[in-house]
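Here's the structure we're looking at; comments come further down.
Just so we're on the same page: letters track the sequence lines, and every chain starts at 1. Since the model is a prediction, treat every value here as computed from it, not as a measurement.
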Protein chains: 2
Amino acid sequence: MPMTDKRERLIYTAADLFHRQGYHRTTFADVAEASGVPMGNIYYYYKTKGDLAAAVIDQREAEYVKLRAAWEGALEPRARLRSWLDTIIGGCDGLVAHGCPFGGLSHELDKEGGPLADKADATTTRLIEWSAKQFRQMGLKDPHALGVEFVARMQGVILVAGIMRDAGEFRRQMDRVRAWLDSL
Amino acid sequence: MPMTDKRERLIYTAADLFHRQGYHRTTFADVAEASGVPMGNIYYYYKTKGDLAAAVIDQREAEYVKLRAAWEGALEPRARLRSWLDTIIGGCDGLVAHGCPFGGLSHELDKEGGPLADKADATTTRLIEWSAKQFRQMGLKDPHALGVEFVARMQGVILVAGIMRDAGEFRRQMDRVRAWLDSL
DNA sequence: CTGGGTGTTGGATGGTTATCCAACTCACCA
DNA sequence: TGGTGAGTTGGATAACCATCCAACACCCAG
């Protein structure tokens, strides 16, 4: 049963293409070529483009679960949030070049509506709630608003630095977010 | 020469559809139906979809020029930035429902590359520079970084509040941006 | 060896899309 | 009045796309 291998190859290829080209610009033919899996065979694993997108979202959700577990290795909630920030900063190049892989997909799917959009949104919501929890553990007032602010700031920096195509500005702005975090 | 009328109708229709459905999801047929201009006739005015998009970007640039002039009615640079913020807050519903009309288009075009992306990016850059100028006039250190931060925060709030589909959170977060602005 | 099931494949299909065109309207002027 | 050209129109076209399928390869149980 080496199908797992192929399934994963398809998911990772699709995730990468969705990130770089966007969901709508990416065709099954693109996925076929990039993954080396013939188009006819892709369909054996994922009956529709939506199914493939759902699998990509699931994969990312699983990835975030793992990441959150890693960030929770830090004892202090503030340090956990800093870990997240560091993870983001580590992905600087890809983020500046193509935007947030998840935010972008989410935004695109939102314009379609439907269950896929909800699924993507739920993943983002979980991330916001996780950061709100950290702020709550820090004993701060209005932790939910702080959580939203934290995520919004990171997303905003990714978007604007992407438009400016300026990795230096990206880092500078993320440092500002870190300074804000440390000042709370 | 009532062609101006039709040209504008096409631009506004396209701008609206690009905002609500996204650029790629919007077809010439959509624009034709929504504007009441037959497809064959659209082509008389705009030879390609890219031409239409360029016209939309130009129209938005012109709109921002007017808006900036209005915001500059305020004498204090801080008040000018507040005017911008108020303009954004006034568009709450549309922004939460469909994202930033310009940021979204910019992001989508960036994934295509090409001169259209540069054109869109330039408009955003001008907005950032304008806000940097206000921070400079306030005598603050590192006005450029502040300008980027201001725009990034607004964009981030629009994006995240859109994903959460929460107009209340949108307003709450924008109030936080205003508080930050007032604290500088 | 053999039948059936799991995978695999290239190409077919039906619908959509941007783009283009040949013919038409009609106001204006020589 | 006949000609001219800007503006208009529905439909043609060629490409592309997600989806589907009929046939094929391979493997293991009987």
Side-chain angles (χ1 to χ4, degrees), chain A residues 1-58 105 108-109 111-117 119-120, chain B residues 1-58 105 108-109 111-117 119-120:
Chain A
M1 243 179 296
M3 79 178 180
T4 308
D5 178 44
K6 225 167 194 175
R7 272 209 148 85
E8 283 193 355
R9 188 145 46 106
L10 285 170
I11 290 180
Y12 283 105
T13 307
D16 183 50
L17 288 173
F18 290 170
H19 182 207
R20 290 198 314 214
Q21 313 186 334
Y23 176 64
H24 289 110
R25 278 181 61 69
T26 301
T27 77
F28 261 54
D30 290 336
V31 178
E33 182 177 292
S35 65
V37 178
M39 271 196 54
N41 199 11
I42 293 181
Y43 198 73
Y44 177 77
Y45 294 100
Y46 298 103
K47 279 179 280 299
T48 72
K49 196 180 179 183
D51 282 356
L52 185 52
V56 168
I57 293 170
D58 283 339
L105 186 58
E108 238 180 314
L109 292 175
K111 304 218 168 189
E112 300 219 339
L116 263 186
K119 193 183 184 68
Chain B
M1 244 181 293
M3 78 177 181
T4 309
D5 178 44
K6 224 166 194 176
R7 272 209 146 86
E8 283 192 356
R9 189 144 45 105
L10 285 170
I11 291 180
Y12 283 105
T13 307
D16 183 51
L17 288 173
F18 289 170
H19 181 205
R20 290 200 315 214
Q21 314 186 334
Y23 175 65
H24 289 109
R25 278 181 61 68
T26 301
T27 77
F28 261 55
D30 290 338
V31 178
E33 182 177 292
S35 65
V37 177
M39 273 196 52
N41 198 12
I42 293 180
Y43 197 73
Y44 178 76
Y45 293 101
Y46 299 103
K47 277 178 282 297
T48 72
K49 195 179 178 184
D51 282 357
L52 185 52
V56 167
I57 293 169
D58 283 339
L105 186 58
E108 240 180 313
L109 293 174
K111 304 217 168 192
E112 299 219 341
L116 263 186
K119 193 184 185 65

Would you mind reading off the distance between A:Tyr46 atom OH and D:dT19 atom P, rounded to a whole angstrom? 14 Å

Measure from NZ or CZ of B:Arg7 to the centre of the six-membered ring of B:Tyr46 and say whether it is under 6.0 Å with the direction within 45° of the ring axis. yes

Gap between atoms CG and P, on B:Leu52 and C:dT19 respectively (whole Å): 10 Å

Out of curiosity, A:Ile42 CD1 to A:Lys47 NZ, how far, rounded to the nearest 0.5 Å? 14.0 Å

Between CG of B:Asp5 and C1' of D:dT8 the distance, given in whole Å, is 15 Å

How long is the line joining CD of A:Glu33 and P of D:dC16, in whole Å? 13 Å

Nearest heavy-atom pair of B:Leu52 and B:Leu10: which atoms, and what distance? CD1-O, 4.4 Å

Would you call B:Lys49 and B:Thr27 a side-chain contact if the rule is heavy atoms closer than 4.5 Å? no

Which of D:dG10, D:dA6, C:dT8 is nearest the side chain of A:Asn41? It is C:dT8

Mind checking whether B:Asp30 and B:Arg25 have side chains closer than 4.5 Å, heavy atoms only? no

Tell me: CG of A:Asp51 to P of D:dA18, nearest whole Å? 14 Å

Within the 4.5 Å heavy-atom criterion, are B:Asn41 and B:Lys6 side-chain neighbours or not? yes

What's touching nucleotides 12-18 of chain C from the protein side, N or O pairs under 3.5 Å?
{"from": "C:dA18", "atom 1": "OP1", "to": "B:Lys49", "atom 2": "NZ", "distance (Å)": "3.4"}
{"from": "C:dA18", "atom 1": "OP2", "to": "B:Phe28", "atom 2": "N", "distance (Å)": "2.9"}

Do A:His24 and A:Glu112 touch side chain to side chain, with heavy atoms closer than 4.5 Å? yes

B:Val37 side chain near B:Val31 side chain, heavy-atom distance below 4.5 Å: no

D:dG7 phosphate, OP1 or OP2, under 4.0 Å from B:Tyr44 side-chain N/O: yes

Taking C-beta and beyond as the side chain, do B:Phe18 and B:Glu108 meet within less than 4.5 Å on heavy atoms? no

Counting side-chain heavy atoms from C-beta on, which of C:dT6, D:dG7, D:dG10 comes nearest to B:Pro38? D:dG10

CZ of B:Arg7 versus P of D:dA6: gap in Å, rounded? 13 Å

Heavy atoms within less than 4.0 Å of DNA chain C: which residues of residues 15-23 of chain B have one? Give them sorted by number. none

Which pair of non-hydrogen atoms, one from A:Leu109 and one from A:Ala117, has the smallest distance, and what is that distance? O-CB, 3.5 Å

Would you say the side chain of A:Asp51 lies within less than 4.5 Å of the side chain of A:Tyr45, judging by non-hydrogen atoms? no

Please tabulate the protein-to-nucleotide N/O contacts below 3.5 Å involving nucleotides 22-28 of chain D, giving atom names and distances.
none

Spacing between B:Leu10 atom CG and D:dT8 atom P, to the nearest angstrom: 10 Å

Without decimals, in angstroms, what is the distance between B:Lys6 NZ and D:dA6 P? 16 Å

